[in-house]
There are 2 protein chains.
Amino acid sequence: MKKAIATQSIQNYLKHIYELTEGGQPASTTDIARELNVKPASVTGMVQKLAAEKPALVGYQKHQGVTLTAAGKKAALEVIRHHRLLETWLVQTLGYSWDEVHEEAERLEHVISEDFESRIAAALGNPTRDPHGELIPTEDLKMPPDKSIPLSSLRPNQTGIIQRVNAQNADLLRHLDELGLVPKVCVEVVEYSSFDNNLTIKVGSKSLVLGSNITTKIFIKCG
Amino acid sequence: MKKAIATQSIQNYLKHIYELTEGGQPASTTDIARELNVKPASVTGMVQKLAAEKPALVGYQKHQGVTLTAAGKKAALEVIRHHRLLETWLVQTLGYSWDEVHEEAERLEHVISEDFESRIAAALGNPTRDPHGELIPTEDLKMPPDKSIPLSSLRPNQTGIIQRVNAQNADLLRHLDELGLVPKVCVEVVEYSSFDNNLTIKVGSKSLVLGSNITTKIFIKCG
DNA sequence: AAAATAATTTAGGATAGACTAAATTTTACG
DNA sequence: CGTAAAATTTAGTCTATCCTAAATTATTTT
Ligand SMILES: [Mn+2]
Ligand SMILES: [Mn+2]
Ligand SMILES: [Mn+2]
Ligand SMILES: [Mn+2]
């Protein structure tokens, strides 16, 4: 058992690099900077430090972007597991709504113990998804596979159910909640406009027109 | 409403200064240093900074020790309220034992929101004491009065019930738990030794001999 | 009241993390 | 392919917090 001394700042870097590299491509300095609300220059400095750690937490070549090493990925999944378990638990035991949990979990994720983590996981029945439908990394820090695809990629007549909503913005989340666009809900695409990428969908008895700012954040499991 | 930018370090200073000054006397630089596991020189620097804040968080005169201002006391009670509510809640909802909660609460106390605070307070039914029997500051940040006195100040034939145990050391707390020395338990002093300040007490059917390291940490409400 | 002891302060560094401005490298495209 | 734009890196600062060693001030004892 290794005891890593990842600071909160490092944990945040790793978490965001994980998310930026999920698609396979390395993360650019600029992208990381935007995610973390710091300047690109700061990212370069930190990334060079992470690459110099033993074991290295990121792979880094000048101008080639950043990837996670196995050690970095594990550390990232640890933080993500904390975050998503915390969100789930805030909703289920303290009555938070899905738009209120992100901020709180963002601070708590860095300070809870492994003991706390396993106690809430057990108390919740080892959930596999958080309140937004996002997958919770397993106890042994593997991310389960997810086959959902963005709503924006569906075309008229395609149907599916909402698997997850990849958003943290509270206003957006409240808006989606009001529209009934939450996990497990069935949707059917009835119209697509190639000009603005708007989709018209049917949810229950309602018909909604959604822009791509929304449709790229809703992920669908097709039946 | 003022938004203070108290860092975790500052919050810890204020919390410990609060505890050191509860008796009315100012806290010495050395005492604060011992409590916080930093060097006296570091305390001087921080204390001068806290005294220079607007509004000042501490009163400070060279060689005269440190006191809390109204603003500093409020900030300290805020942290203490967080700590004790968290401990209570860890015990009651996650099955922690009283010797396991301190460390966890120590980290969480600095990062929970006011919203989180009031949610757990409500969920617990606005408790007035934590698992160690310590008073929880009220929502408006007043510390309720407590009339308990240390067990060490009792003499043979005096009786009372344990009100609170002022200790964080996990080993000691486990030991006390095994001896049945927990809040609400009745005790009777049967013997006092002026040589070593040992007290012999009766708890239920058992007789125990306790040194002053223990008896000064157990506080009794006399009947 | 002086000397011994204890408490306190100052000065000078260290580390972590972020910033700005300037320099450099890569990529994009006319 | 050569320049303009974009991305990246470097260099030099800054703030917060802690440290050690040395100097100073207060308190306690004789
Ligand atoms: Mn964990
Ligand atoms: Mn989530
Ligand atoms: Mn509070
Ligand atoms: Mn307590």
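Just so we're on the same page: letters track the sequence lines, and every chain starts at 1. These figures come from a predicted structure and were not determined experimentally.
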Distance in angstrom units between A:Q8 CD and C:dA16 P, rounded | 16 Å

Show me, pair by pair, the donor-acceptor contacts under 3.5 angstrom made by side chains of residues 65-77 of chain B, not counting sequence neighbours?
{"residue": "B:T69", "atom": "OG1", "partner": "B:A56", "partner atom": "O", "Å": "2.6"}
{"residue": "B:T69", "atom": "OG1", "partner": "B:L57", "partner atom": "O", "Å": "3.1"}
{"residue": "B:T69", "atom": "OG1", "partner": "B:A71", "partner atom": "N", "Å": "3.4"}
{"residue": "B:T69", "atom": "OG1", "partner": "B:G72", "partner atom": "N", "Å": "3.1"}

Not counting sequence neighbours, which residues clear salt bridge (Lys or Arg N to Asp or Glu O under 4.0 Å) with B:E106? List them please.
-> B:K15

Which nucleotide in the set D:dT20, D:dT17, D:dT9 lies at the smallest distance from any side-chain heavy atom of A:P40?
-> D:dT9

Residues pairing under ring-ring contact (aromatic ring centres under 6.0 Å, His included) where one sits in residues 130-150 of chain A, two or more places apart or in two chains, turn out to be A:W98-A:H132

Per nearest nucleotide of DNA chain C, the residue lying toward the 5' end, A:T7 or A:H63, is A:T7

Please, which pairs that meet ring-ring contact (aromatic ring centres under 6.0 Å, His included) have at least one residue in residues 7-39 of chain B, sequence neighbours excluded?
-> none

Among the nucleotides C:dA18, D:dT17, C:dA16, whichever has the atom closest to the side chain of B:K49 is D:dT17

In residues 15-39 of chain A, which residues come under 4.0 Å of DNA chain C by heavy atom?
-> A:N37, A:V38, A:K39

Closest to the side chain of A:S42, out of C:dA18, C:dA7, C:dT26, is C:dA18

Can you find a side chain N or O atom of B:Y13 that sits less than 4.0 Å from OP1 or OP2 on D:dC18?
-> yes

Please check the phosphate of D:dT9 (OP1 and OP2 only) for any side-chain N or O of A:T44 closer than 4.0 Å.
-> yes

OP1 or OP2 of D:dT9 under 4.0 Å from side-chain N/O of A:Y60 | yes

Within less than 4.0 Å of OP1 or OP2 of C:dT10, is there a side-chain N or O belonging to B:Q48?
-> yes

Any donor-acceptor pair under 3.5 Å from A:S113 side chain to A:F116 backbone | yes

Taking only residues two or more places apart in sequence, or in another chain, which ones meet B:D146 in a salt bridge (Lys or Arg N to Asp or Glu O under 4.0 Å)?
-> B:R129, B:R164

